[in-house]
Participant: 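What follows is a structure written as structure tokens; I'll ask about it next.
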Amino acid sequence: MSDARLAELTRCLPGLRLLTEPGDLEHYGRDWTRRWTPSPLAIALPASIEEVQAIVRWANLQHVAIVPSGGRTGLSGGAVAANGELVLSLERMNRVLDFDAVDRTLTVQPGIILQAVHDAARSHGLIYPVDFAARGSCSIGGNIATNAGGIRVIRYGNTREWIAGVKVITGNGELLELNRGLTKNSSGYDFRQLMIGSEGTLGIVVEATLRLTDPPPTSQVMLLALPDMDALMQVFALFRARLTLQAFEFFTDRALEHVLAHGAQRAIEGDYPYYVVTEFDATDERAQDAALAAFEHALEQGWVSDGVIAQSDAQAAALWRLREGITESLASRRPYKNDVSVRISAVPAFLQEMQALLAREYPQIEVVWFGHIGDGNLHINVLRPDDLAEEAFIAQCEHVTKLLAATLQRHGGSISAEHGIGLVKRAYLESTRSAAEIALMRGVRKVFDPNGVLNPGKLFADG
Ligand code: MLT
Ligand code: ZN
């Protein structure tokens, strides 16, 4: 091993799997953002908590930064290693460790893929309700590190709500066992919640105990075509009042074009500017009649132009693909992504201002919107025109993001709803958090990671 620091790591942990081939450095050094050139020192693939702990202790002694790494499906650069860091991939720690039927919890290693968590919960007649399109690749450790949200937040909340306990290795190599699966625990600061959403800057999740719940009742999936944004909020209010929603997701005609070009099936003929995919409980005939009545009312009011209810599981999946396939359909264009949120009550006023801002600032640029409108969360994807150089494009997007951040600030919103701050949004943290809060965040980081070895440069530009 030519690097003395790596030689020392191998001496401390002779059994550790370590990768240094260029292909591996590239693969593990990037996430879905694809903006930075990966340049890690090496990739470590520990197989136990003890190995993770030993790596963190080595990193402190050798002054090496660590990038904790899960499925690397992140969209904010939180798992990018572009500065000679050691990538600590948790992918080999991917097992279910325990199911407790009384507590209704599943204890897992951090590298387990979300889909495998869903399958394990289902095999016990229960569900882990956090869900989103990256379920086949993202890992639970990454979900916890970003407090991932997704398509069922409207019903079940974010990842935060479903973590009964975590074990973490802090920046100085201590193992903490936080909350231990307790339902009630009023014994001081809840460090478990502090770890959730900390983007690998306070600790590395090495084990998690997840809460499970009963599967929802039979549901129906409906696709709606809408004439304008005002109608969107009217339909949302109507459906939320009359139905028990499991999801309420929106996308625009531009998003639809991309997803259709990517192989999805058109479900509604004609061109409409906005679409909603909604899923709601439909336990019996009465619930189904209520959904139909709500749809007809929306049609009479002119809030909905057309709609279709899935008649089979296959059709429901096809309708969901129209929404869930958007990210993949745009991936080759490497969109500049904004992921913003405001309180639901602030959505109409914010949307109006935001629409005007984007129309003014991106006159020649394609902007694709979609998102979790029922949670007040919008994804704004900006596509680089072929004739605009990458650098100039990013500069323009950063300028608009600054304006967007100011608009969000006026509406009390957040510059990152569910993707995290990472590298992409760290320049805008002050628009979302007060100076006093940021100072405390930095102080907390110092306590948990005094030498700043965990994911430096993410969240805060200066470590
Ligand atoms: C989604 O809602 O599909 C995800 O947040 C991914 C994305 O924003 O591209
Ligand atoms: Zn999303």
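Note that ligands are numbered from 1 as they come in the structure, with each ligand's atoms numbered from 1 the same way.
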Participant: Can you check whether Leu202 reaches Val444 side chain to side chain, under 4.5 Å on heavy atoms?
Facilitator: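 Yes; the side chains approach each other to less than 4.5 Å.
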Participant: Mind checking whether Phe132 contacts ligand 1 via backbone (N, CA, C, O), side chain (CB onward), both or neither, at a 4.0 Å heavy-atom cut-off?
Facilitator: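 Neither part.
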Participant: Within the 4.0 Å heavy-atom shell around Leu75, which atoms of ligand 1 are there?
Facilitator: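 Near Leu75, meaning under 4.0 Å from one of its heavy atoms, ligand 1 has 6 (C), 7 (C), 8 (O), 9 (O).
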Participant: Please list, in number order, the atoms of ligand 1 under 4.0 Å from a heavy atom of Thr327.
Facilitator: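 So the atoms of ligand 1 that pass are 3 (O), 6 (C), 7 (C), 9 (O).
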Participant: Quick test of your reading of the structure: of His419, Arg323, His372, whose heavy atom lies closest to atom 5 (O) of ligand 1?
Facilitator: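 Answer by nearest heavy atom: His419.
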Participant: At a 4.0 Å cut-off, with the gap strictly under it, does some heavy atom of Glu418 reach an atom of ligand 1?
Facilitator: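 The answer is yes: ligand 1 sits under 4.0 Å from a heavy atom of Glu418.
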Participant: Above 12 or not: heavy atoms from other molecules or residues under 6.0 Å from CZ of Arg343?
Facilitator: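 It does not: Arg343 CZ has 12 such atoms or fewer within range.
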Participant: Assess the residue pair Arg323 and Glu279 against the criterion (salt bridge (Lys or Arg N to Asp or Glu O under 4.0 Å)); give the C-alpha distance rounded to whole Å, side-chain angles, the decisive distance to 0.1 Å, and a yes or no.
Facilitator: CA-CA 12 Å; Arg323 161 64 184 90; Glu279 186 161 346; over 6 Å; no
Participant: Which atom, among the N/O/S set of Glu418, is closest to the Zn ion (ligand 2)?
Facilitator: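 It is OE2, the N, O or S atom of Glu418 closest to the Zn ion (ligand 2).
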Participant: Using a strict cut-off of 4.0 Å, indicate which atoms of ligand 1 neighbour a heavy atom of His379.
Facilitator: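 Contacts of ligand 1 toward His379, numbered from 1: 1 (C), 2 (O), 4 (C), 5 (O), 8 (O).
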Participant: When the ring planes of Tyr128 and His118 are compared, do they come out parallel, tilted or perpendicular, using 30° and 60° as the limits?
Facilitator: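 The arrangement is tilted - the two ring planes meet at 30° to 60°.
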Participant: What N/O/S atom of His379 is the closest to the Zn ion (ligand 2)?
Facilitator: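 Closest to the Zn ion (ligand 2) among those atoms: NE2.
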Participant: Walk me through whether Thr33 and Asp31 qualify under side-chain hydrogen bond (donor to acceptor under 3.5 Å, both in side chains).
Facilitator: CA-CA 6 Å; Thr33 49; Asp31 64 6; 2.4 Å; yes
Participant: At a non-hydrogen distance cut-off of under 4.0 Å, which region of Glu324 contacts ligand 1 (side chain, backbone, both, or neither)?
Facilitator: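 Within the 4.0 Å criterion, Glu324 makes no contact with ligand 1.
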Participant: Can you say whether the rings of His124 and Phe99 are parallel (under 30°), tilted (30 to 60°) or perpendicular (over 60°)?
Facilitator: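 Parallel.
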Participant: Using distance alone, decide if ligand 1 has a nitrogen or oxygen within less than 3.5 Å of any nitrogen or oxygen in Asn381.
Facilitator: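 It does not: no N or O of Asn381 is found under 3.5 Å from an N or O of ligand 1.
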Participant: With respect to the Zn ion (ligand 2), please indicate if His372 possesses an N, O or S atom at a distance under 2.8 Å.
Facilitator: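 So His372 counts as coordinating the Zn ion (ligand 2), yes.
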Participant: Classify the ring geometry between His372 and His379 as parallel (under 30°), tilted (30 to 60°) or perpendicular (over 60°).
Facilitator: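 Geometry flag for His379 against His372: perpendicular rings.
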Participant: Does the side chain of His399 reach to within under 4.5 Å of the side chain of Glu361, using non-hydrogen atoms?
Facilitator: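 Contact flag for His399/Glu361 side chains = yes.
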